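Note sheet for the following structure.
Nothing here was measured: the structure is a model prediction, and the numbers come from that model. Chain letters run A, B, ... following the sequence lines, proteins first and then strands; every chain starts at 1.
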There are 2 protein chains.
Amino acid sequence: MKLLLIEDEPMLLDEMEAYLIEQGYRCEKATTFAAGEDKIVLYDYDVIILDISLPGGNGLQLLQLLKKQQKEAGVLIVSAKDSLPDKLTGLNLGADDYMTKPFHLEELNARVNALVRRKSFKGNSQIQVDDLTIDPVAKTVSCNETFIPLTKKEFELLLYFIVNKNRVVSKQSIAEHLWGDHYDIVDNFDTVYVHTMNLRKKIVAHTGIDYIKTVYGMGYKFTSA
Amino acid sequence: MKLLLIEDEPMLLDEMEAYLIEQGYRCEKATTFAAGEDKIVLYDYDVIILDISLPGGNGLQLLQLLKKQQKEAGVLIVSAKDSLPDKLTGLNLGADDYMTKPFHLEELNARVNALVRRKSFKGNSQIQVDDLTIDPVAKTVSCNETFIPLTKKEFELLLYFIVNKNRVVSKQSIAEHLWGDHYDIVDNFDTVYVHTMNLRKKIVAHTGIDYIKTVYGMGYKFTSA
DNA sequence: GACGATTTTAAAGAAAATTTAAATTTTTGT
DNA sequence: ACAAAAATTTAAATTTTCTTTAAAATCGTC
């Protein structure tokens, strides 16, 4: 599950991120209107947590933009004051929930969970890629009824590959997504290599297909029809 | 089967409704004491899910009203905290089951199912999982006529596993479900380990089957065909 | 308040996953 | 075809997570 946090107070943003990562979510951050705009246009998220007052513009405009782009992310609006007009405008523009600052991180988590759950009602929670069935909630991967046992890191890696299906992902970005933003670039990518290869072998052993192609000098690409 | 949901949090109410409709129930909703009162007096339901804290009054009063009206609906009480006095008062007033927030929709469904079954078969409120028979109301578990003596925590844990059958549940979510929202993340999961192992051993001793598999690094999974 | 039962804490040992490291193979540019 | 860079493969070292056991603390009941 990938979240986007748009919030201009750096302290609060970091706290939110830390807590949500603990809960098993993957998070990206934006602190300005412009940065939020970029991320919304370029990428897809499951849930977007959106502060209304932002440097450079109003969060509600971002919400409009999102809806115009037909993006399916659930939106949780956060605002400093419990202003009824704002609230109504937000919900009318298609936000899914509304929250007033200050709030407890537990409440944030509960609301994000609720959004994720609600989203997964429509459309099955399982991801189907050719022969493979991935269930992010059950944390299982299966191929024709038989389960492929994966370790935690392997599962996260597979999910990242599938989210970026048919796109080349660099080892750097894999490292950042699996080990966090602060992964040292100077570090070697040995563990990325090893995990990727282990995952690859398990999938080949079960499906007979090597979905993960290496793109020499660039990274890897998970391919499917 | 017609249900009445009396609950003042709109988000939660909508989620409950969506889920129960998915499960084949017809639902009506009330968000205030007054609205609940009207519905209870005017119509008949098979099961009423009743939040205790309501704007405009206490849910237990509604329960009294219901009983005074000689209505036959099964009543499942929902309350924010696991307050024993509330619980006892509720059950003494004729409620059939009691549930503490937060809960999983699957558990809600399981309990409603149990209530419905008990209503229609008079005294059969059991969940069957392979060899195991779980009675959420009587708080008993049996395997081929013989009871498996479980402690309270073990029983709650088993119910949580069964509600999430064939899905991995993290130790974090177990902790939150058994000890409440404010379970400290920094805390260790020693007691989760111990209770899980004890439950496991008891079930294996009685059934010969280890339903609970450990999913290394992720949590546990209760498996059944 | 004392007793038995349950729950929690703690700590050592086992099991599994992750990381590191090094040797080997493959790919690419010249 | 060769050298350099990048990727694969293996296995060992390390770390994390889980299991087990037992003692301490808490809870409920009489």
Check whether any side-chain N or O of A:Lys171 sits under 4.0 Å from OP1 or OP2 of D:dA6, and answer yes or no. no

Distance check: side-chain N/O of B:Thr214 vs OP1/OP2 of D:dT19, anything under 4.0 Å? yes

[X] [atom1] to [N] [atom2]: how many Å, rounded?
X        : N      : atom1 : atom2 : result
A:Lys221 : D:dA7  : NZ    : P     : 15 Å
A:Met218 : D:dA5  : CE    : P     : 17 Å
A:Lys152 : D:dC18 : NZ    : P     : 8 Å
A:Glu156 : C:dA17 : CD    : C1'   : 13 Å
B:Leu178 : C:dT6  : CG    : C1'   : 14 Å
A:Tyr216 : C:dT27 : OH    : C1'   : 4 Å
A:Phe155 : C:dT18 : CZ    : P     : 13 Å
A:Lys153 : C:dA16 : NZ    : C1'   : 14 Å

Where the side chain of [X] is concerned, which of [options] is the nearest nucleotide?
X        : options               : value
B:Asp190 : C:dT18, D:dC18, C:dT9 : C:dT9
B:Thr191 : D:dT16, D:dA5, C:dT8  : C:dT8
B:Trp179 : D:dC18, C:dT8, D:dA5  : C:dT8

Could you identify which residues of residues 193-210 of chain A place a heavy atom less than 4.0 Å from some atom of DNA chain C, listed by residue number, or say none? A:Val194, A:His195

May I ask you to say whether [X] pairs ionically with [Y], meaning some side-chain N is under 4.0 Å from a carboxylate O?
X        : Y        : value
A:Glu17  : A:Arg26  : no
B:Arg200 : B:Glu154 : no
B:Arg167 : A:Asp135 : no

Taking the side chain as C-beta and beyond, is there a heavy-atom pair between A:Leu76 and A:Ile48 under 4.5 Å? no

Answer whether the closest heavy-atom distance between the side chains of B:Trp179 and B:Thr191 falls below 4.5 Å. yes

Please compare A:Thr151 and B:Leu150 by the position of their nearest nucleotide in DNA chain C and report the one closer to 5'. B:Leu150

If you count heavy atoms of other groups shown closer than 6.0 angstrom to NZ of A:Lys221, is the number above 12? no

Can you pull out every ring pair (Phe, Tyr, Trp, His ring centres under 6.0 Å) where at least one residue sits in residues 206-225 of chain B? Sequence neighbours excluded, please. B:Tyr211-B:Phe222

